[in-house]
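What follows is a short report on a single structure.
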Amino acid sequence: AVVSTQSTGVDGKINRKSNVGDYQVVNGMPLNITGRTGITGRGLLGKWGPNHAADPVVTRWKHDDKGEKVVNPKTKKPILQFVSIKRNDTGEWAIPGGMVEPGDSVSAT
């Protein structure tokens, strides 16, 4: 079913405001702010208009058992580690996070 909207702001509980800027709604469907992409409809997105996501990036410097930073033997630079997850749906590695649904707190996502 096609869901149409005329809103480019808050539509009930749904925040349709884009972080990029204002967009046009033509015949009840939002137009991509950056122009035509060759993709019709929503593409892979879950909703019409902006699809808000929260993807935190958590990092730390790698330390040895003595608490000293570990450096790469070739570059002599410290090694930065980050948190990642293996997705259940695709098996690919990704940064943890997800879509922010209406009424959700970004920190709870």
Side-chain angles (χ1 to χ4, degrees):
V2 173
V3 177
S4 69
T5 182
Q6 294 302 318
S7 176
T8 60
V10 176
D11 182 6
K13 285 187 173 183
I14 300 173
N15 181 355
R16 297 188 188 278
K17 187 168 178 69
S18 170
N19 293 328
V20 178
D22 293 331
Y23 57 92
Q24 293 180 317
V25 177
V26 177
N27 297 325
M29 292 181 271
L31 297 181
N32 189 324
I33 294 172
T34 60
R36 295 184 57 102
T37 62
I39 299 173
T40 60
R42 291 190 328 258
L44 297 175
L45 299 175
K47 296 180 176 57
W48 290 102
N51 285 253
H52 302 284
D55 298 308
V57 178
V58 180
T59 63
R60 71 175 184 185
W61 295 110
K62 184 175 182 179
H63 289 84
D64 62 18
D65 294 337
K66 297 177 185 172
E68 300 291 324
K69 280 187 185 175
V70 175
V71 296
N72 180 299
K74 186 174 182 179
T75 65
K76 306 296 185 216
K77 293 185 178 182
I79 297 172
L80 185 65
Q81 297 176 315
F82 66 96
V83 174
S84 63
I85 61 165
K86 191 168 186 181
R87 294 178 54 107
N88 289 331
D89 57 348
T90 64
E92 294 181 352
W93 289 97
I95 295 171
M99 302 309 291
V100 179
E101 298 298 332
D104 279 355
S105 160
V106 171
S107 60
T109 302

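Residues take their numbers from the sequence shown, with the count starting at 1.
With salt bridges taken as basic N to acidic carboxylate O contacts below 4.0 Å, none links Lys66 and Asp64.
By the 4.5 Å heavy-atom criterion applied to side chains, Trp61 and Ile79 are not counted as neighbours. In this structure, the side chains of Met99 and Asn51 come closer than 4.5 Å at one or more pairs of heavy atoms.
Residue Asp65 qualifies as open at atom CG: its count of foreign heavy atoms under 6.0 Å is 12 or below. Residue Leu44 qualifies as open at atom CG: its count of foreign heavy atoms under 6.0 Å is 12 or below.
Put simply, the residue from Ile85, Asp55, Val57 that forms a side-chain contact (heavy atoms from CB on, under 4.5 Å) with Pro96 is Ile85. Screening Arg60, Lys62, His63 for a side chain to side chain donor-acceptor pair (under 3.5 Å) involving Gln81 leaves a single residue, Arg60.
The nearest pair of heavy atoms linking Pro56 to Gly97 is CD-CA, 4.1 Å. In terms of heavy atoms, Gly91 sits closest to Lys86 at O-CE, 3.1 Å.
Here Ile39 contributes atom CD1 and Leu45 contributes atom CG; the two are 8.0 Å apart, rounded to the nearest 0.5 Å. Atom CD1 in Ile33 sits 7.5 Å away from atom OH in Tyr23 (nearest 0.5 Å).
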